[in-house]
Amino acid sequence: MPAPLSNRTIALIKATVPALDQHGLAITRRMYELMFRNPAIAELFNQSHQDAAGAQPKALAGAVLAYARHIDNLAPMAGAVERIAQKHVALNILPEHYPHVATALLAAIGDVLGDAASAEILAAWGEAYWFLAELLIGREAAIYRDLAAAPGGWNGWRDFAVEEVVEESSVIRSFTLVPADGGTVVRHRPGQYLGFAFDLPGTGKQRRNYSISCAPNDRAYRISVKREKMGRISNWLHDHAVPGTILRVAAPAGDFFLDPASTAPVALVSGGVGLTPMVSMLETIVAASPERPTFWVHGALNGRVHAMREHVRALEARAPGVSTATFYAEPAEEDRPGIDYDREGLVTAAFLHAHVPADTVFHVCGPKPFMRAVIGGLAGLGVPEERLRFEFFGPADEHPAAVFQTETA
């Protein structure tokens, strides 16, 4: 645990809130510009988030501002620290990477604020940065140790071979992955994801996270990937990954997962490719506690893009506690109501709230608009935060946690 921040540092950080409110985005844009001059650091980041709209710099600007505003009470940051640490482990972030961020952040503050960034202000921000960095480094070290010690576990990158490719819909393919060394795999928690390192012609080094779409086991993982229109990695996987293709994979990570020991009713709510962690959870429930009250609700555009429909129905048939509802926003001509889907339109919080017991725990994953509507709607209907769990990939500027509090990471 790092030493507590000094009272003087806390006061100086609080004093910078107005400047960060006004210039925070300029600071973070400059910070990324400085960091990305080092190719080894640039490859740690998902470059699709460094878009023209500035999604990632905007998200970081909000996080830095929130950190400054709450620097005198950091207890609410525990959840954010865990979420960031899990993401870092999946991307194989190491202690030696942190000084590069510190250097770029302090230089960016100085460049943007000019004379207002006094030596005392920069020293305070250096202390504040390293306080948070040491929290993350400590938590990440513990996760790395646990993964290395677990049966089938490992640290860093491990080669996996594609064993099978399955066309799940017109836009989603599943890839079953087995260790190239013939060993076992660490059992993931249902809902977690894998980190991947790619080095492809024309795209260079890229890192991505993909949710695991199978129940925990000792032999293999499955990921189910949507072909995105501008997705460099998703398009490569769809076009080039075949049985025998080798991928570099980090051990499972993530703080969004099902608690198999719980007996509380559960709702698995997904939109589009957000169904991938839910399939892992559903397979786990069917295998371990088929009587557990479980409501699967999935939204898709239509049957052409609806992945794993028959697989989910087969799971439902095996578990008396499981019931399902499928929404198609724009059913295709061949889609049959009552057969291929249950309702036309969008999944709504009101529908979910009306069809589950009061003590249901909701697990939600999907596109950002879907997440905002479902999480925000359920919160507005009085569902407490502890019963709303969700996975969110992408910049934090639109993270659903904002419905409860100011996002801090």
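- Counting only heavy atoms from C-beta outward, the side chains of Leu44 and Arg207 approach each other to under 4.5 Å.
- Panel note: side chain His355, backbone Phe351; a donor-acceptor pair is recorded below 3.5 Å.
- Panel note: side chain Arg309, backbone Gly303; no donor-acceptor pair is recorded below 3.5 Å.
- Lys205 contributes no side-chain N or O that, together with a main-chain N or O of Phe198, makes up a donor-acceptor pair within less than 3.5 Å.
- Here the side chain of Arg189 pairs no donor or acceptor atom with the backbone of Pro216 at under 3.5 angstrom.
- Checked against the 6.0 Å centroid criterion, the rings of Tyr32 and Phe45 qualify as a close aromatic pair.
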Task: Trace of the side chain to side chain donor-acceptor pair (under 3.5 Å) decision for Asn217 with Arg187 - done: CA-CA 6 Å; Asn217 65 89; Arg187 287 182 171 243; over 6 Å; no

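- With Arg222 as reference, Glu283 is the one residue of Glu168, Glu163, Glu283 to meet the salt bridge (charged side-chain N to carboxylate O under 4.0 Å, His left out) rule.
- Ile71 CD1 to Thr9 OG1: the interatomic distance, rounded to the nearest 0.5 Å, is 8.5 Å.
- Remark: the backbone N or O of Val171 is paired with a side-chain donor or acceptor of Ser169 at under 3.5 angstrom.
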Task: Worked check of side-chain contact (heavy atoms from CB on, under 4.5 Å) between Val225 and Arg173 - done: CA-CA 6 Å; Val225 180; Arg173 284 186 178 180; 5.9 Å; no

TODO: Kindly indicate, with the supporting measurements, whether the criterion side-chain contact (heavy atoms from CB on, under 4.5 Å) is fulfilled by Val269 and His363.
DONE: CA-CA 6 Å; Val269 187; His363 293 72; over 6 Å; no

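- Panel note: side chain Thr360, backbone Val356; no donor-acceptor pair is recorded below 3.5 Å.
- Put simply, the side chain of His23 never gets that close to the backbone of Leu20: no donor and acceptor are under 3.5 Å apart.
- In this structure, Phe175 has its ring center at least 6.0 angstrom away from the ring center of Tyr221.
- Side chains of His306 and Tyr328: a donor-acceptor N/O pair is present below 3.5 angstrom, by distance only.
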Task: From CA spacing to verdict: side-chain contact (heavy atoms from CB on, under 4.5 Å), Phe295, Thr324 - done: CA-CA 6 Å; Phe295 193 31; Thr324 66; 6.0 Å; no

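- Less than 6.0 angstrom separates the ring centroid of Tyr210 from the ring centroid of Phe196.
- Classification of the Phe160-Trp154 ring pair by plane angle, with boundaries at 30° and 60°, yields tilted.
- When all heavy atoms of Val165 and Pro243 are compared, the closest pair comes out as CG2-CD, 4.1 Å.
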Task: Derivation of the side chain to side chain donor-acceptor pair (under 3.5 Å) call for His188 and Ser280 - done: CA-CA 10 Å; His188 65 284; Ser280 178; 3.3 Å; yes

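- Side-chain atoms of Thr294 come within 3.5 Å of backbone atoms of Arg292 as a donor-acceptor pair (strictly under, hydrogens ignored).
- Judged purely by distance below 3.5 Å, without hydrogens or angles, the side chains of Thr326 and His298 never pair a donor atom with an acceptor atom.
- Atom NE2 of His238 sits about 10.0 Å away from atom NZ of Lys226, to the nearest 0.5 Å.
- Using modelled atom types and a 3.5 Å distance limit, the side chains of Trp296 and Ser323 yield no donor-acceptor pair.
- Interatomic distance, Thr103 OG1 to Leu34 CG, rounded to the nearest 0.5 Å: 10.0 Å.
- Exactly one residue among Arg227, Glu228, His240 makes a side-chain hydrogen bond (donor to acceptor under 3.5 Å, both in side chains) with Asn235. That residue is Arg227.
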Side-chain donor-acceptor distances from residues 128-149 under 3.5 Å, at least two apart:
unit_1	atom_1	unit_2	atom_2	d
Tyr129	OH	Tyr98	O	2.8
Arg139	NE	Glu82	OE1	2.6
Arg139	NH2	Glu82	OE2	3.1
Glu140	OE1	Tyr98	OH	3.1
Glu140	OE2	His88	ND1	2.8
Glu140	OE2	Tyr98	OH	2.8
Tyr144	OH	Ile93	N	3.3
Tyr144	OH	Ile93	O	2.8

- [ ] Begin with the C-alpha distance, continue with both residues' side-chain angles, and end with the deciding distance and a verdict on side chain to side chain donor-acceptor pair (under 3.5 Å) for Ser213 and Ser224.
- [x] CA-CA 6 Å; Ser213 62; Ser224 301; 2.9 Å; yes

Open item on the list: side-chain contact (heavy atoms from CB on, under 4.5 Å), that's the test. Do Met31 and Val101 meet it? Break it down for me.
Closed with: CA-CA 8 Å; Met31 171 185 157; Val101 180; 3.4 Å; yes

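- Without hydrogens or angle criteria, Glu391 side chain to Gln192 main chain gives no donor-acceptor distance under 3.5 Å.
- For Thr28 (side chain) and Pro57 (main-chain N/O), a donor-acceptor pair under 3.5 Å exists by modelled atom type.
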Open item on the list: Quick one, Phe327 with Tyr341, criterion ring pair (Phe, Tyr, Trp, His ring centres under 6.0 Å). Give me CA distance, side-chain angles, the key distance, then yes/no.
Closed with: CA-CA 6 Å; Phe327 286 67; Tyr341 65 100; 9.5 Å; no

